[in-house]
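In what follows, a structure is listed as structure tokens, so that the remarks can point back to it.
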2 protein chains.
Amino acid sequence: MTNSTPRQQARLETEAQITRIGNRMLDADGLEGVSLRAIARELGIVSSAIYRYVKNRNALLTILIRDAFTSIADAVDDALEHDNSVLTVGVTMLAWSRTHPNRWALIYGTPIPDYQAPRDETVVPGTRIMVLLTNLLAEPTVQTSRSQLPPTHALDALREGLQELGLEPDDRVIMASVTVWSAVIGLINALRFGQFGPGVEQVEDELMQGLVSTLGH
Amino acid sequence: MTNSTPRQQARLETEAQITRIGNRMLDADGLEGVSLRAIARELGIVSSAIYRYVKNRNALLTILIRDAFTSIADAVDDALEHDNSVLTVGVTMLAWSRTHPNRWALIYGTPIPDYQAPRDETVVPGTRIMVLLTNLLAEPTVQTSRSQLPPTHALDALREGLQELGLEPDDRVIMASVTVWSAVIGLINALRFGQFGPGVEQVEDELMQGLVSTLGH
DNA sequence: CATTGTCGAGAGCACTGCTCTCTCACATCA
DNA sequence: TGATGTGAGAGAGCAGTGCTCTCGACAATG
């Protein structure tokens with residue numbers, strides 16, 4: 001069935017188990033709870049042996065980050081099949097953040113000290129939602145664009161980034177994407193990180209709805 | 001001159017020195033660089049002696065957080081004296097975040113593991129900008145409020161919070177504040193945390209301008 | 001069969017926050 | 001002045017982290 005030696009098989013299995021345990025620890029105790037020594041302990045392995053399977057802690061974090069980006073982007077993908085709207089993007093991300101608060105913080109919160117995400121491993125899953133959003137905002141809805149745009153060169157870097165992902169948005173769409181993106185993620189961060197004080201947990205969806213509406217979508 | 005004993009004097013001096021070193025370490029190496037042992041070392045003191053002056057690490061963090069909130073709010077205060085606009089709030093916060101990226105992350109990034117900010121020490125400095133913003137948005141500018149508001153009970157918690165701070169905003173103003181706040185902080189987070197990829201460092205102000213403009217202010 | 005490579009064990013390094021006990025100098029007070 | 005008490009610092013120690021190095025046992029491969 002599996003065209004690989006039992007040796008390789010076991011290796012892959014152990015690696016999968018490590019990321020599984022890592023994800024569980026992340027969910028349970030946040031990033032500081034993800035400890036290689038603890039994972040080794042759970043595998044019934046001495047602490048140094050874990051480095052046979054994972055180069056170092058940061059390598060494990062890269063896997064967890066890629067997982068998280070993929071998971072939230074999949075959720076948004078699914079939701080958009082039923083209702084192709086900015087609001088759906090927002091509420092779906094919000095719901096995901098509620099289910100996986102620590103994964104949310106991992107990908108959208110403060111960068112991890114002494115960690116640099118390897119771009120070739122994280123850019124694609126990490127930009128999927130941005131691409132969806134830009135496509136969504138590029139559709140010819142009735143845009144009342146009274147707003148002033150920045151000089152075109154200011155958006156060069158962003159435009160190039162989007163072009164590498166196969167998009168050809170004009171400046172108005174780029175600026176709208178940046179704004180919606182910032183607002184949606186800003187709101188979710190504020191909610192997840194408790195910056196609005198207590199009592200808002202019950203009305204998160206209404207706030208997202210109000211925000212998207214205020215943004216004009 | 002000082003109506004305190006030399007004993008108390010020295011104590012206060014040492015405490016001030018600790019927070020000064022703490023802030024410097026925060027600026028230099030981020031939160032993980034703030035180590036009580038390292039501070040003690042710099043004071044020429046053995047590691048355990050530091051606990052004479054500071055209950056534990058979290059107590060020091062509370063001081064640093066209060067400092068940071070006060071610093072950024074002061075900056076916004078000053079700037080608003082010259083130009084009382086939402087854009088000024090945005091660019092001032094953005095500039096401050098550029099000068100103090102690690103302090104920014106401390107107050108607006110991922111919550112610190114195993115740390116709970118004592119509300120009575122941080123709420124007031126932590127909400128000053130929100131108050132400013134709400135006042136700013138409450139002024140009778142020409143509001144084209146085509147947007148739908150959430151049901152009034154959804155904003156109860158936020159309304160109460162603002163009332164405790166001496167404000168009496170209506171629902172439209174609350175929702176606008178939440179939106180602008182989320183977008184502005186969301187944008188700065190995205191810039192500081194590198195979520196837009198490389199190349200945007202040169203045009204941060206333009207992006208803030210475009211965002212505020214897109215928001216209709 | 002012999003060589004090569006992999007996996008796990010174990011010791012060790014440097015670092016963290018924090019606690020406990022002890023000593024000593026100083027300030028206060030009878 | 002002499003006894004008493006207090007506060008600062010020293011030092012050892014605990015539990016935990018990431019990570020490295022070496023060595024032995026075993027399996028896969030030529």
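Everything numeric here is computed off the predicted structure, so don't read it as measured data. Lettering follows sequence order; numbering is per chain, from 1.
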- [ ] State whether the side chain of T92(B) and the backbone N or O of A79(B) hold a donor-acceptor pair below 3.5 Å, judged by distance alone.
- [x] no
Side chain R119(B), main chain G197(A), donor-acceptor under 3.5 Å
no
Interatomic distance where [atom1] belongs to [X] and [atom2] belongs to [N] [whole Å]:
{"X": "Q9(A)", "N": "dT6(C)", "atom1": "CD", "atom2": "P", "result": "18 Å"}
{"X": "R37(A)", "N": "dG10(C)", "atom1": "CZ", "atom2": "C1'", "result": "11 Å"}
{"X": "I39(B)", "N": "dT16(C)", "atom1": "CD1", "atom2": "P", "result": "11 Å"}
{"X": "I50(B)", "N": "dG7(D)", "atom1": "CD1", "atom2": "C1'", "result": "15 Å"}
{"X": "L61(B)", "N": "dG17(C)", "atom1": "CG", "atom2": "P", "result": "10 Å"}
{"X": "R11(B)", "N": "dG9(D)", "atom1": "CZ", "atom2": "C1'", "result": "13 Å"}
{"X": "I45(B)", "N": "dC18(C)", "atom1": "CD1", "atom2": "C1'", "result": "17 Å"}
{"X": "D29(A)", "N": "dT17(D)", "atom1": "CG", "atom2": "C1'", "result": "15 Å"}

[options]: which one has an atom nearest the side-chain heavy atoms of [X]?
{"X": "Y53(B)", "options": "dC19(D), dT17(D), dG9(D)", "result": "dG9(D)"}
{"X": "R41(A)", "options": "dT16(C), dT17(D), dG11(D)", "result": "dT17(D)"}
{"X": "L36(B)", "options": "dG9(D), dC7(C), dG17(C)", "result": "dG17(C)"}

- W181(B) and F196(A) aromatic ring geometry - parallel, tilted or perpendicular at 30°/60° bounds: tilted
Quick check on dT16(C): is either OP1 or OP2 less than 4.0 Å from any side-chain nitrogen or oxygen of S35(B)? yes
Is Y51(B) near enough to dA8(D) that one of its side-chain N or O atoms lies under 4.0 angstrom from OP1 or OP2? no
Per nearest nucleotide of DNA chain D, the residue lying toward the 5' end, K55(A) or T14(B), is T14(B)
Exercise. What nucleic acid atoms does R57(B) come within less than 4.0 Å of, heavy atoms only: base, sugar-phosphate, or nothing?
Worked result: sugar-phosphate
| said: Mind checking if V34(B) touches a base, just sugar-phosphate, or nothing, with heavy atoms under 4.0 Å? | reply: sugar-phosphate
Can you list, pair by pair, the side-chain donor-acceptor contacts under 3.5 Å of residues 124-132 of chain A, counting residues two or more places apart and other chains?
unit_1  : atom_1 : unit_2  : atom_2 : d
T127(A) : OG1    : V123(A) : O      : 2.7
T127(A) : OG1    : V124(A) : O      : 3.2
R128(A) : NH1    : D74(A)  : OD1    : 3.2
R128(A) : NH2    : D74(A)  : OD1    : 2.8
R128(A) : NH2    : D77(A)  : OD2    : 2.7

For residues 182-204 of chain B, the side-chain hydrogen bond (donor to acceptor under 3.5 Å, both in side chains) pairs (sequence neighbours left out) are S97(B)-R192(B), R98(B)-E204(B), W104(B)-N189(B), R192(B)-E204(B)
ask   = Any donor-acceptor pair under 3.5 Å joining the side chain of R52(A) to the base of dG8(C)?
value = yes
